[in-house]
Amino acid sequence: MKNIAVFTSGGDAPGMNAAVRAVVRTGIYHKMNVHGIYHGYQGLIEGKIEKLGKKDVANIIHRGGTILKTSRSEKFRTPEGRAQAYKVLQKHKIDGIVAIGGDGTFTGAKVFSEDYNIPFIGIPGTIDNDIYGTDYTIGFDTAINTAIEAIDKIRDTADSHNRLFFIEVMGRHAGDIALHTSIGSGASFAFLPETNTTVEDLIGFLDNAKKRQKLFNLVIVAEGNKSGNAMKISRKLKKISEKYESRVMIIGHIQRGGSPSTHDRVLASRFGYAAVNALKEGLSNVAVGLISGEIVHTPFEDAITKSKGIDQTMVKMSEILSL
Ligand code: F6P
């Protein structure tokens, strides 16, 4: 393997730059030419690709976002788009690719490598931590720390005013960000996509909390939970029970930005290093991951179709600790 390429795709995640750096430098160590593809699959179709040297990835390990930029490409979903992408790869004689992103990225990689027989290695990069085959995805740790920092501030004002706050966090259809921020912030209650918690359950909790003279409550709402977003839950609560006045705070996209935590930098470096070594060893169509501290390789098929699920013991623990 002589010419490899790396790109980032889907939602950006803090630590992606550290992964790009590791891919470029490990590739160069193995005497490979490493190319960066800009703007994900869309950029590949448009031929936005250039060779990267060691210095091109200097001074980026601490930066959020992705120097390679990112996108979600509709065109790559079409056979015509993929054919165009293949031409670009042929032109640059690319014989192996590292794709950094989430399940959408891996789905694209799987379809493409099956059509054109080009080895792909995936690196799980998404704040959602929802990829099967790894305990942690790049960006998750930074995102939960960013959220916790914001929630700690809300705690101060909630405490001062004896208020109920709904705090909405990201995660799409997965509740790991919500679960971890809920435990880490000492929140009273959480709405997760993986549970069937209702507003009525919350009212039961709040009534009990009132009896125990609990004066303020922080409620974490995962954006993908079944009872609706934080705004909707707050309105529904008010409609059912006038006694609970609340405020809503949506943390939003700041969860995706900022300098990556040490955990994310190290994880991303390990993934980038492992991905290039996997290409070198002839692996293809697998995502690297970290399970119980060890690097593993999971077929894209499993990474895409299998659900990681939520740690039910932690869900139970979070409920017990907020009593
Ligand atoms: O997958 C990362 C994520 O931030 C999700 O948590 C969120 O649902 C989604 O992307 C938002 O996507 P965007 O703002 O890019 O449309």
Side-chain angles (χ1 to χ4, degrees), residues 7-19 38-43 64-66 68-77 99-109 122-151 166-182 184-185 190-194 220-233 248-261 264 267-268 271 287 289 300 303-310:
F7 67 90
T8 51
S9 165
D12 62 332
M16 280 183 163
N17 283 328
Y38 291 84
H39 299 280
Y41 287 117
Q42 191 56 34
T66 158
L68 293 181
K69 313 283 179 165
T70 187
S71 69
R72 292 188 170 107
S73 172
E74 279 309 313
K75 205 166 173 197
F76 195 77
R77 292 177 198 270
I100 307 171
D103 53 358
T105 306
F106 294 173
T107 304
I123 292 183
T126 164
I127 62 164
D128 299 341
N129 205 30
D130 60 347
I131 306 285
Y132 178 86
T134 188
D135 291 339
Y136 296 105
T137 55
I138 297 172
F140 171 68
D141 184 65
T142 308
I144 56 175
N145 278 296
T146 300
I148 289 283
E149 217 179 298
I151 299 167
F166 289 101
I167 301 147
E168 186 176 306
V169 295
M170 279 187 167
R172 208 183 290 270
H173 307 300
D176 240 20
I177 293 181
L179 178 62
H180 281 74
T181 51
S182 176
S185 67
F191 286 86
L192 308 175
E194 295 84 354
I220 307 296
V221 179
E223 62 177 356
N225 89 91
K226 298 181 189 96
S227 291
N229 61 24
M231 214 60 211
K232 194 172 164 196
I233 292 175
V248 172
M249 143 86 178
I250 299 163
I251 302 186
H253 283 77
I254 61 162
Q255 288 160 102
R256 288 239 298 257
S259 180
S261 65
D264 276 329
L267 182 73
F271 281 173
F300 281 149
I304 296 160
T305 55
K306 292 191 178 170
S307 164
K308 192 171 170 186
I310 198 127

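Whatever order the structure lists ligands and atoms in, that order sets their numbers, starting from 1.
- Counting non-hydrogen atoms of neighbouring residues, nucleotides and ligands closer than 6.0 angstrom, the NZ atom of K69 reaches no more than 12 such neighbours.
- Against a heavy-atom cut-off of under 4.0 Å, H253 is close to the following atoms of ligand 1: 13 (P), 14 (O).
- In this structure, the protein non-hydrogen atom closest to atom 1 (O) of ligand 1 is D128 OD2, 2.7 Å.
- Short contacts between ligand 1 and G171, defined as distances under 4.0 Å to a heavy atom of the residue, involve ligand atoms 6 (O).
- For atom 10 (O) of ligand 1, the nearest non-hydrogen atom from the set R256, M170, E223 belongs to R256.
- Contact of the F140 side chain with the I127 side chain is not registered, since no non-hydrogen atoms from C-beta on lie closer than 4.5 Å.
- Here the straight-line distance linking atom CD1 of I167 with atom CD1 of I220 works out to 4.5 Å at 0.5 Å rounding.
- Atoms of ligand 1 lying under 4.0 Å from at least one heavy atom of R72, given by number and element, are 10 (O), 12 (O), 13 (P), 15 (O), 16 (O).
- Remark: T126 OG1 to I177 CD1 distance equals 7.0 Å, nearest 0.5 Å.
- Under a 4.0 Å N-O distance rule, the pair K308/D130 does not qualify as a salt bridge.
- Considering only non-hydrogen protein atoms, atom 9 (C) of ligand 1 sits nearest to R172 NH2, 3.6 Å.
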